[in-house]
Participant: 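Supplied in structure tokens, the structure appears directly below.
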Amino acid sequence: MNRVSVDTAGRPPSVDALARELAIRHSLPHAVLVDIARRAIANGSIADVKKIADELASELAQSLLRDVVNATGVLLHTNLGRAPVAVQTINRASNLELNMLTGERGSRQDAVGKLLALLCGAQAALVVNNNAAAVLLVVAALANSRDVAVSRGESVEIGGNFRIPEVTEQSGARLVDVGTTNRTRLRDYQKAIDKRGNDIALVLKVHPSNYRVSGFVEDTPTRELATLSVPVAVDIGSGLIDNTCPWLEGRTPAWLANEPAARQTLKDGAALVMFSGDKLFGGPQCGVIAGRADLVEACAQHPLARALRPGSLTMLSMQSLALAYLDRTVTTEITFWQMATIPVSELQLRAEKIISASGVGEVCSLDSIPGAGSAPGATIASAGIVIAGDHLAKLRKHDVPIIARVKDSKTFIDLRTVRPQDDAVLASALKSLQK
Ligand SMILES: *Cc1c(COP(=O)(O)O)cnc(C)c1O
């Protein structure tokens with residue numbers, strides 16, 4: 001085995017010897033360790049080359065994408081990939097674009113689109129890479145070189161640089177501001193349409209997901225917009241399918257009270273709805289466009305659709321989720337809905353067990369939040385474990401990293417967002433805090 005040491009002439013170790021030495025402690029590919037060794041030798045004084053190389057290798061290993069335990073209590077945590085989904089790997093080929101009846105080329109959208117349409121009460125549906133892509137494609141396909149009417153109160157920015165005026169501009173459409181920041185009525189839209197004749201191709205309604213405006217405010221509901229002479233496309237954002245939540249035996253949780261849903265928005269007369277797959281739908285990152293068959297088809301035929309189409313893992317995952325909704329097996333098969341509906345008493349019991357197994361912490365009441373801009377301001381009663389001190393960094397370094405929350409120098413573990421299967425991992429991580 002090569003040992004790295006500063007030789008008698010005070011020369012730094014060779015890149016290769018240092019890379020081999022690093023391989024003893026870090027299971028990273030040789031080429032990666034060689035690169036780290038080079039950087040450490042270039043940057044470090046001879047005495048601490050080895051230490052710097054070790055740090056670089058640890059940093060890289062820790063930054064690799066991997067599973068973590070979400071103990072933050074934010075159900076859809078954008079930093080943690082939003083809705084948790086099982087990756088379904090098949091190393092076989094799939095019939096992604098093969099028509100199984102004819103043996104000819106088919107469309108990856110056919111089956112999934114039909115299931116999603118059925119679910120939403122739409123004529124057709126299309127899956128793209130995310131909701132930003134869905135809005136971009138709808139505006140590009142239906143309003144290119146024409147005008148899109150948007151309420152001034154809905155010309156918003158939603159997380160990560162998704163800004164309605166910029167998306168509209170990128171689509172080659174012109175944005176027509178309607179109404180005022182706090183109040184927009186049907187007659188404001190009507191005036192804009194009358195004034196611009198046939199130029200307005202689309203009314204775009206956007207749910208202000210991540211904030212609430214209160215006071216002297218008024219927006220125009222979809223059912224009124226639907227009386228206008230142009231199609232209405234509604235970005236409902238979070239992807240709640242039905243606000244009566246039939247998959248929860250019709251008991252709609254209070255925290256969902258103000259959330260728009262795909263079925264009801266279409267029933268109110270929207271020509272299209274657009275939503276994210278990885279928020280309240282509980283699926284992988286993607287966006288769904290659902291509604292009138294001719295408009296969905298226009299989106300599917302637009303050249304951008306090719307650039308925005310998801311791969312087979314996403315389509316497969318959306319298919320199993322759509323089947324779970326249609327089968328009403330949502331609370332056993334969709335992790336997000338399991339987490340959202342588990343009774344607080346069960347969380348308290350789990351907390352007690354983890355505390356007695358680890359000898360660390362105390363049971364506490366907590367408030368979880370839906371996250372990802374869904375149902376802003378709403379909370380879901382929860383329970384977990386509180387530990388004196390800030391242990392975030394140490395918990396992140398656990399074999400399976402635990403992502404927790406700190407407030408007032410106390411670490412909080414919210415069990416609502418932890419899968420019960422991970423309770424043992426959590427107990428061992430808490431135990432290790434005593435060392
Ligand atoms: C979250 C959200 C988006 C962005 O969706 P992505 O899937 O992250 O691209 C757009 N519009 C609304 C209303 C949203 O809530």
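Remember, it's 1-based here, ligands and their atoms both numbered in the order they're listed.
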Participant: Given side chains that start at C-beta, do those of L142 and L272 come closer than 4.5 Å, heavy atoms only?
Facilitator: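 With C-beta onward as the side chain, the pair touches.
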Participant: Not counting sequence neighbours, list each pair that qualifies as a ring-ring contact (aromatic ring centres under 6.0 Å, His included) and has a residue in residues 234-272.
Facilitator: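 Qualifying pairs: W247-Y325, W247-W337.
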Participant: Whether D219 and K205 form a salt bridge (side-chain N of Lys/Arg under 4.0 Å from carboxylate O of Asp/Glu) is what I want to check.
Facilitator: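 Answer for the salt bridge query: yes.
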Participant: Taking C-beta and beyond as the side chain, do L256 and N243 meet within less than 4.5 Å on heavy atoms?
Facilitator: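 No; the side chains remain at least 4.5 Å from each other.
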Participant: Give a yes or no on this: more than 12 heavy atoms of other residues, nucleotides or ligands lie within 6.0 Å of atom CD of E362.
Facilitator: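 No, CD of E362 has 12 or fewer neighbouring heavy atoms, counting only those of other groups under 6.0 Å.
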Participant: Could you walk me through whether L75 and R416 pass the side chain to side chain contact (heavy atoms under 4.5 Å, CB included) check?
Facilitator: CA-CA 8 Å; L75 279 89; R416 181 168 295 287; 4.2 Å; yes
Participant: Name the residues in contact with ligand 1, where contact means a heavy atom under 4.0 Å away: which are they?
Facilitator: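 If the criterion is a heavy atom under 4.0 Å, then ligand 1 touches R82, N130, N131, A132, I158, F162, H207, S209, D235, G237, S276, K279.
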